[in-house]
Amino acid sequence: MIRLVLRRLGSSLVTLLIVSVVIFVAVEVLPGDACTAYLGRAAKDPTILAACRENRGLSTPAIVRWVDWAAGFVQGDLGVSMKRNKPIADLVGWRFRNTVVLALTASLVGIPLALVLGVMAGLARDRPLDIALSSGAIFAMTIPDFVSATVLILVFAIGLGWTNGVVTVSANAPILDLMSNTVLPTVALTLVMVAHILRLVRTSVIDTLQSDFVTMARLKGVPFRRIVWRHVLPNSLLPSINLIGLTIAWLLGGVVVTETVFNYPGIGRLSVDAVSDRDLPLVQTIALLLASVYIGVNLLADLLALALNPRLRTYRA
Amino acid sequence: MMMRHGLAMAAIAALMATTAAAETTLRRSGDLGFGGAENLDPISPTRFYEANDLIYNRLVSWGPDGLPAPELAKSWSASPDAMEWTLVLQDGVKFHDGSDFDATDVKYSLERIKDPALESPVTSVLNMIDRVEVVDPLTAKIVLSSAHADLPLLFLDYRVRMIPDGSGATIATTGIGTGPFKLETLDPEGTTVLLANDDYWQGRPKVDRVEIISIPDQEARIQALLGGQLDYSDLNGDQVATFEGNEDFVIQHYPSGDWQGLVMRTDTAPFTDARVRKALRMVVNRQEMADLVVGPGGGTPSCDHPVWAGDSYRSAIECGADIEGAKALLAEAGYADGIDIDVHTSDLEAGMVRMVEVYQQQAAPAGIRVNIVMAAPDGFWSDVWMVEPFVSTSWGQRPADQILNEAYRSGSSWNESYFADAEFDSLLDQARAELDLTKRTALYHAAQAALWERGGSLIPYHINGVRAVRAVVKGMPEAGEDYIAWHLVEKTGD
């Protein structure tokens with residue numbers, strides 16, 4: 001197990017290095033640079049453009065800039081945003097915290113809900129409860145998030161006036177201020193998340209119910225309740241761990257559309273802005289952060305699956 | 001009797017005390033047009049104009065006639081050759097830090113605009129200023145390097161604002177000005193808070209507090225406005241219907257100098273031929289195009305003259321769609337069988353692509369076959385605009401002299417049509433040196449007529465601004481942000 005973790009961590013470092021090079025090259029290849037993006041039309045004035053490039057060290061060759069950046073990064077110096085002229089650690093730090101707050105709230109509400117509803121639907125296969133839940137899930141999956149988000153605002157903020165429609169607190173607001181503004185975004189994300197997980201859990205419960213060992217248990221006269229708790233649940237929830245892992249990684253990666261509609265100060269909007277600003281150090285930091293999150297969450301999900309499923313452990317190389 | 005009177009007085013006083021205690025906050029959005037790089041330096045490429053309008057004063061403000069009215073400058077006069085301007089300043093004006101505003105601050109604020117290290121887009125606007133001399137604390141003399149008869153008009157630029165002498169290094173974060181509101185917290189990407197300046201020289205503002213809440217997405221701004229989280233917001237043409245008939249909001253339409261248009265490079269064939277250029281422009285039915293692109297009432301037709309309806313120098317040019325005239329000009333230029341052109345456009349701003357589509361339809365009867373080439377919004381200004389021969393463009397409002405010089409004088413950095421016309425340039429030079437208003441106006445009219453005859457810019461209309469204001473907000477004139485006297489804006493409820 002430890003060897004596995006170490007090996008995965010080792011390969012993660014290589015992945016991160018590759019990510020950083022690819023991102024750097026990709027942003028370099030895009031037309032324009034930080035100065036043309038920053039100055040907009042003022043960039044047509046050659047003296048202003050030259051001064052801007054000089055100020056930001058953009059006149060040096062790309063390879064030199066990458067090495068400088070990487071040297072700083074490994075020493076913990078994330079650098080300064082080219083466009084915003086603020087320390088990147090501050091910019092990314094607060095927004096990532098906000099994204100974590102939103103992702104955690106949505107997960108804490110959504111995952112248990114999805115599991116419970118999924119199991120209920122699976123056990124009630126083809127009965128009215130299942131039909132209601134399954135079609136509700138398909139509905140929630142197919143409505144684009146900007147539509148459901150807008151409808152939520154219209155109904156609960158503008159119509160009923162129960163809560164604020166868009167988030168108007170600063171990125172570095174205290175968590176409690178932020179949370180009180182996060183109700184509608186949480187609901188919007190939970191809807192999509194519950195739908196996906198619910199459907200997987202339902203299928204997997206149905207599969208397990210049809211498996212030989214459940215039939216065997218039934219024939220032996222084991223009470224249904226006990227079959228569900230002892231046999232069906234452990235076996236049918238396992239496959240959903242990886243999906244849950246991916247869902248959390250998706251939430252942590254920044255949900256750009258939801259953030260935009262609700263004006264939520266998270267990492268998703270920042271990452272899109274950073275690319276259109278050609279703000280390389282900022283793009284790099286966010287890309288590496290999100291890549292690490294992806295790698296980390298997936299590793300955790302794998303380890304959890306391993307811990308819960310003895311059969312997988314025996315296949316260890 | 002006396003007693004009852006006294007009681008009534010006391011009641012009124014108590015009532016006033018309670019209303020005074022209820023703090024009023026005006027909430028507006030910050031549109032984050034500079035992506036979080038906003039700062040309080042008024043001349044920075046990424047100035048935070050939503051806050052700067054309230055924190056700083058200009059030397060002059062917009063008068064009702066479209067001419068400069070006194071603000072920090074009480075009066076002004078020019079030498080006969082228009083090479084020297086003398087400003088008499090308002091006395092008793094204090095900055096937010098308590099220091100006095102005087103001529104040294106004017107000298108500093110104007111001269112720093114020339115500093116190339118600041119990368120300021122205003123540099124080119126005021127590059128005729130050679131130096132500013134402090135005659136006495138309340139008199140400043142501006143010495144020009146080339147004559148300019150309308151210097152005060154240039155001071156109407158929303159970025160030319162007065163800051164304290166020597167404050168350049170810190171102004172971006174301190175925001176010390178002479179304006180009606182003082183900075184409390186600066187957070188362009190969150191909520192920026194301004195408080196009423198109790199000692200404002202034009203009288204204390206009528207709201208206690210202004211919050212500038214960053215909401216970069218236009219749809220989200222509308223949601224926030226509907227939900228009572230904002231007090232007013234600009235609207236797109238398609239959003240007006242949402243607010244019509246809603247008694248909680250007042251819709252304001254006001255003319256502006258902003259425009260979207262199409263521009264051809266006059267240095268690139270076939271647009272090197274002035275006949276081709278005029279033919280391509282004269283096919284447009286401007287009113288119809290405005291109605292189709294920005295909606296009825298959304299635009300004021302123009303005849304390719306960049307000077308907007310609120311500017312005293314706007315020339316009264318008439319231009320209906322003239323298909324036959326265009327055909328004749330094209331035939332004369334050697335395109336009897338019509339002409340094929342590529343127009344490069346992009347989804348950069350609402351309406352940009354729609355305008356090209358309307359143009360395509362309106363131009364077709366004259367044998368002009370328009371092929372629409374879509375470009376990515378990202379990098380449009382650097383890679384397409386002023387590069388491809390025929391492109392979409394958009395401009396913000398500028399006074400006549402400024403826009404004519406910035407966008408059409410040969411060799412200017414933003415001469416998007418690469419217009420090089422010695423006669424036109426000389427008209428501008430003469431106008432700048434002409435102190436007689438009637439003669440000067442005639443010169444600017446001649447310059448606009450030259451653009452209509454020979455120019456490469458198609459300016460079908462100037463955009464009218466539309467704004468929805470909550471009914472509880474009073475004192476907001478039906479005019480652009482630039483015209484609002486912020487200390488008079490009032491909120492009568494929450």
Side-chain angles (χ1 to χ4, degrees), chain A residues 30-33 35-52 54-55 81-86 91 94-95 146 149-150 153-154 156-159 161 163-173 259-265 269-270 273-279, chain B residues 27 29 32-39 45-46 115-124 172 185 187-192 211 213-217 219-230 375-387 393-396 412-416:
Chain A
L30 285 174
D33 62 16
C35 276
T36 57
Y38 171 71
L39 293 170
R41 278 196 276 185
K44 289 289 174 188
D45 189 327
T47 47
I48 293 183
L49 186 61
C52 172
E54 195 57 43
N55 286 346
S81 157
M82 286 186 175
K83 168 113 181 218
R84 293 156 206 245
N85 204 14
K86 290 174 197 161
L91 283 172
W94 288 112
R95 281 174 184 75
F146 57 88
T150 310
I153 296 180
L154 276 176
F156 294 103
I158 298 171
T163 172
N164 280 341
V166 305
V167 181
T168 55
V169 296
S170 300
N172 55 0
E259 284 179 13
T260 306
V261 177
F262 289 107
N263 202 44
Y264 190 82
R269 247 170 53 200
L270 186 69
D273 289 351
V275 175
S276 55
D277 296 345
R278 306 286 185 271
D279 196 337
Chain B
R27 294 183 185 86
S29 68
L32 225 57
F34 297 117
E38 281 79 358
N39 70 69
T46 57
D115 182 354
L118 298 176
E119 304 165 7
S120 174
V122 196
T123 311
S124 64
T185 34
D187 184 0
E189 291 186 81
T191 298
T192 297
E211 290 181 1
I213 302 164
S214 100
I215 308 181
D217 184 66
E219 293 297 330
R221 283 199 282 267
I222 298 311
Q223 306 284 13
L225 181 62
L226 285 168
Q229 291 175 287
L230 292 177
D378 209 21
F380 181 83
W381 296 123
S382 47
D383 305 328
V384 180
W385 182 69
M386 289 186 74
V387 176
T393 186
S394 88
W395 283 81
S412 146
S413 300
W414 292 293
N415 182 340
E416 54 176 0

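All values derive from a computational prediction rather than experimental measurement. Proteins come first, then strands; the chains are lettered A, B, ... in the order of their sequence lines, and each starts at number 1.
- Between chain B and the options A:D273, A:T260, A:L154, the largest number of non-hydrogen pairs under 4.5 Å is found for A:T260.
- Heavy atoms of A:D279 lying under 4.5 Å from chain B are absent altogether.
- Side chain of A:N263 to main chain of B:A220: no donor-acceptor pair is present (N/O by atom type, distance under 3.5 Å, no hydrogens or angles).
- In this structure, B:D217 has no side chain to side chain donor-acceptor pair (under 3.5 Å) partners at least two apart in sequence or on a different chain.
- Within the 4.5 Å cutoff, the side chain of A:T168 has no heavy atoms near those of the B:L230 side chain.
- For chain B, no part of A:L49 is nearby; none of its heavy atoms comes within less than 4.5 Å.
- The candidate from B:M386, B:E416, B:E38 with the greatest count of non-hydrogen atom pairs under 4.5 Å with chain A is B:M386.
- For a residue to count as touching a neighbouring chain, one of its non-hydrogen atoms must lie under 4.5 Å from one of that chain's; by this rule B:T192 does not touch chain A.
- Heavy atoms closer than 4.5 Å to chain A are found in both the backbone and the side chain of B:S394.
- Taking each heavy atom of B:Q223 and A:T150 in turn, the nearest pair found is NE2-CG2, 3.0 Å.
- Only the side chain of B:I213 comes within contact range of chain A, with at least one heavy atom under 4.5 Å from a heavy atom of that chain.
- The choice from B:P216, B:P188, B:P121, B:S29 that makes the most heavy-atom pairs within less than 4.5 Å of chain A is B:P216.
- Here the CG atom belonging to B:L225 is positioned 9.0 Å from the CD1 atom belonging to A:I158, to the nearest 0.5 angstrom.
- Interface check for chain A: of the options B:S413, B:S412, B:G190, the most heavy-atom pairs under 4.5 Å are formed by B:S413.
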Subject >> Residues B:Q229, A:V166; criterion side-chain contact (heavy atoms from CB on, under 4.5 Å); working and verdict >> reply: CA-CA 8 Å; B:Q229 291 175 287; A:V166 305; 3.5 Å; yes
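- Scored by the ring pair (Phe, Tyr, Trp, His ring centres under 6.0 Å) test, B:W385 finds B:W381 as partners (sequence neighbours excluded).
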Subject >> A:R269 vs B:E189, side-chain contact (heavy atoms from CB on, under 4.5 Å): CA-CA, chis, key distance, verdict >> reply: CA-CA 12 Å; A:R269 247 170 53 200; B:E189 291 186 81; over 6 Å; no
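- Heavy atoms closer than 4.5 Å to chain A are found in the backbone of B:A117, but not in its side chain.
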